Chemist: 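One structure coming up, written as structure tokens, with questions to follow.
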Amino acid sequence: MPELPEVHNFKQYFDAAATNQVIDRVTVHDDKIIRNMSGPVFADVLTGRKITGSIRRGKYLFAQLDNGHDLLLHFGMNGDLNLYQDESDRGRFERFALHFTDGNTLGFEDSRKFARILYLEDRLDYIEQIKLGPDALELEEAYFLQQLEGRKTTLKGILLNQSVVAGLGNLYVDEICYRTRLHPASRVNAMTLEQKKLIYREILAVMQYATENAPYYRDYPENWFWHTWRHEGGQDPEGEGEVKITKVAGRTTYYVEGRQKLVE
DNA sequence: TGTGATGTTGAATG
DNA sequence: GCATTCAACATCAC
């Protein structure tokens, strides 16, 4: 589920639920998603810590702790947060939970276990290590154009690459391609400078709009891809062609034949 | 019942 | 060493 706008939404939820809360106790039901320590050690290092805030970069959410370390939450395909008081509100797929001293509990749910949870002593070291690119909302044109130099991969492939720009996922990339009128399988090295600049502008426009207006896919405006062309048998809202489903960069891809030009 | 899924990674390949 | 591709991860929903 979560791409940049959805993780932005998780951040709002997390900040309201956890800022200035002190962790009294940690429950770990399944430590498979905790990638750099065992469940008991994870519980131990978090117990007694106060959460001071959070930082989002792309799809990564870093929860800041009062000892200068961070708890990294990456939601994978379908991670979710759930704040509750009553144990009966615990989600079926909760993998671990932070119990705060005020009696509230913040559960991290993840049915498919694709989430990645890490306890980090140095956030910047980690970002460097995984080569995480700049957040899409803070992307600069000159940097973006420079990243595209010498690349031979597809347009979709480059936009999904989190080292180039952080935060775009499968659905929003299709929307960006739709709006640029470029076929997602277009080759980066074959595109004109004007086309690259157009892509840059649409990245920002789509991310800004989605972040400000639509926390969940289902809440998108009626003329957005989610309600129209990005569906089996969907219609191009602008009536320029036929919706096709294919695979690009290994991912299911929707585009409108006749509207989106293949540049190669 | 089989198939595909909104993400990332590490191995394999070029 | 870098760019790129692809299978694997684990489980659920349709």
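The structure presented is a predicted model; accordingly, all values stated were derived computationally and were not measured. In what follows, every chain begins at residue 1, and chains take the letters A, B, ... in the order their sequences are listed.
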Chemist: Only pairs at least two apart or in different chains count here, so list each side-chain hydrogen bond (donor to acceptor under 3.5 Å, both in side chains) that has a residue in residues 27-41 of chain A.
Modeler: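 Output for this query lists T27(A)-H99(A), H29(A)-E94(A), D30(A)-K113(A).
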Chemist: Of all residues at least two apart in sequence or in a different chain, which pass the ring pair (Phe, Tyr, Trp, His ring centres under 6.0 Å) check with H69(A)?
Modeler: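 Y119(A).
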Chemist: Can you tell me how far P of dG7(B) sits from CG of D174(A), to the nearest Å?
Modeler: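 Value for this atom pair: 10 Å.
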Chemist: Looking at T252(A), does any N or O in its side chain come under 4.0 Å of the phosphate oxygens OP1/OP2 on dG4(B)?
Modeler: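 No, outside the criterion.
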Chemist: Under the side chain to side chain contact (heavy atoms under 4.5 Å, CB included) test, which residues partner L139(A), sequence neighbours left out?
Modeler: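 By the side chain to side chain contact (heavy atoms under 4.5 Å, CB included) rule, L139(A) matches P134(A), Y143(A), F144(A), V165(A), Y200(A), I203(A), L204(A).
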Chemist: Which residue pairs pass the salt bridge (Lys or Arg N to Asp or Glu O under 4.0 Å) test with at least one member in residues 59-74 of chain A, sequence neighbours excluded?
Modeler: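 Applying salt bridge (Lys or Arg N to Asp or Glu O under 4.0 Å) to every pair that reaches into residues 59-74 of chain A, excluding sequence neighbours, yields R49(A)-D66(A), D70(A)-R123(A).
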Chemist: In whole Å, what is the span from the CZ atom of R35(A) to the P atom of dG7(B)?
Modeler: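 Rounding to the nearest Å, CZ of R35(A) and P of dG7(B) are 15 Å apart.
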Chemist: With sequence neighbours left out, what residues match Q147(A) under side chain to side chain donor-acceptor pair (under 3.5 Å)?
Modeler: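 With neighbours one apart ignored, the set is empty.
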Chemist: By the 4.0 Å heavy-atom rule, please label F75(A) as base, sugar-phosphate, or nothing.
Modeler: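 The residue F75(A) makes no contact with any strand.
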Chemist: Run the ring pair (Phe, Tyr, Trp, His ring centres under 6.0 Å) test against F75(A) and tell me which residues pass, sequence neighbours left out.
Modeler: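 In terms of ring pair (Phe, Tyr, Trp, His ring centres under 6.0 Å), with neighbours along the sequence ignored, F75(A) is linked to F10(A), F108(A).
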Chemist: Taking the same atom, C1', in dT4(C) and in dT6(B), what whole-Å distance lies between them?
Modeler: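 One C1' to the other, the span is 22 Å.
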Chemist: Under 3.5 Å, side chain of S163(A) to main-chain N/O of K131(A), donor-acceptor pair present?
Modeler: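 Side chain of S163(A) to backbone of K131(A): a pair is present.
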Chemist: Whole angstrom is fine here: how far is it from CZ in F114(A) over to C1' in dG4(B)?
Modeler: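 Roughly 11 Å, once rounded to whole Å.
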Chemist: Distance check needed: dA5(B) P versus E3(A) CD, whole Å only.
Modeler: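 Going from CD in E3(A) over to P in dA5(B) covers 14 Å.
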Chemist: Tell me which pairs pass salt bridge (Lys or Arg N to Asp or Glu O under 4.0 Å) where either residue lies in residues 133-149 of chain A, with sequence neighbours left out.
Modeler: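 Every salt bridge (Lys or Arg N to Asp or Glu O under 4.0 Å) pair that includes a residue of residues 133-149 of chain A, provided the two are not neighbours, is R56(A)-D135(A), E149(A)-K196(A).
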Chemist: Who passes side chain to side chain donor-acceptor pair (under 3.5 Å) against E109(A), sequence neighbours left out?
Modeler: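 Once residues adjacent in sequence are excluded, the partners of E109(A) under the side chain to side chain donor-acceptor pair (under 3.5 Å) criterion are N82(A).
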Chemist: Expressed as a whole number of angstroms, how long is the span from R112(A):CZ to dG7(B):C1'?
Modeler: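 About 9 Å, once rounded to whole Å.
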Chemist: Listed by chain and number, what are the side chain to side chain contact (heavy atoms under 4.5 Å, CB included) partners of S54(A), not counting sequence neighbours?
Modeler: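 Per chain and number, S54(A) pairs via side chain to side chain contact (heavy atoms under 4.5 Å, CB included) with K11(A), F14(A), D15(A), L61(A).
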Chemist: Could you check whether any side-chain N or O of R57(A) sits under 3.5 Å from a backbone N or O of G133(A), counting only pairs where one atom can act as donor and the other as acceptor?
Modeler: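 Pair found, side chain donor or acceptor close to backbone of G133(A).
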Chemist: Tabulate atom names and distances for all N/O pairs under 3.5 angstrom spanning the protein and nucleotides 8-12 of chain B.
Modeler:
unit_1	atom_1	unit_2	atom_2	d
dT8(B)	OP1	H74(A)	NE2	2.7
dT8(B)	OP2	K59(A)	NZ	2.9

Chemist: Dot-bracket for DNA chain B, 5' to 3', counting Watson-Crick or G-U wobble pairs under 3.5 Å, with [ ] for crossing pairs and | for inter-strand pairs?
Modeler: .||||.||||||||
Chemist: Could you tell me whether a side-chain N or O of E6(A) sits under 3.5 Å from a main-chain N or O of E3(A), the two making a donor and an acceptor?
Modeler: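 Flag set: sc E6(A) to bb E3(A) pair under 3.5 Å.
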Chemist: Want to settle it: does F93(A) or K152(A) sit nearer the 5' end of DNA chain C, counting the closest nucleotide to each?
Modeler: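 Per heavy-atom nearest nucleotide, the more 5' residue is K152(A).
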Chemist: Please report the distance separating the P of dA10(C) from the corresponding atom of dT1(B), rounded so that it comes out in whole Å.
Modeler: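 Approximately 23 Å lies between the P atom of dA10(C) and that of dT1(B).
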Chemist: Scan G169(A) against the nucleic acid and name what it touches under 4.0 Å (heavy atoms): base, sugar-phosphate only, or nothing.
Modeler: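 If one applies the 4.0 Å heavy-atom cut-off, G169(A) turns out to touch the sugar-phosphate alone, with no base involved.
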Chemist: Tell me what K131(A) touches on the nucleic acid: a base, only sugar-phosphate, or nothing, going by heavy atoms under 4.0 Å.
Modeler: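 Touches nothing.
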Chemist: Under a criterion of less than 4.0 angstrom to any heavy atom of chain A, what are the 5'-terminal and 3'-terminal contacting nucleotides of DNA chain C?
Modeler: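 For DNA chain C, the relevant span reads dT4(C) to dC12(C).
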Chemist: Report the distance from atom CD1 of I245(A) to atom C1' of dG4(B), rounded to the nearest whole Å.
Modeler: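 Distance, rounded to whole Å: 12 Å.
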Chemist: Rounding to a whole Å, what distance do you find between L72(A):CG and dG7(B):C1'?
Modeler: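 So the CG-C1' distance, L72(A) to dG7(B), works out to 13 Å.
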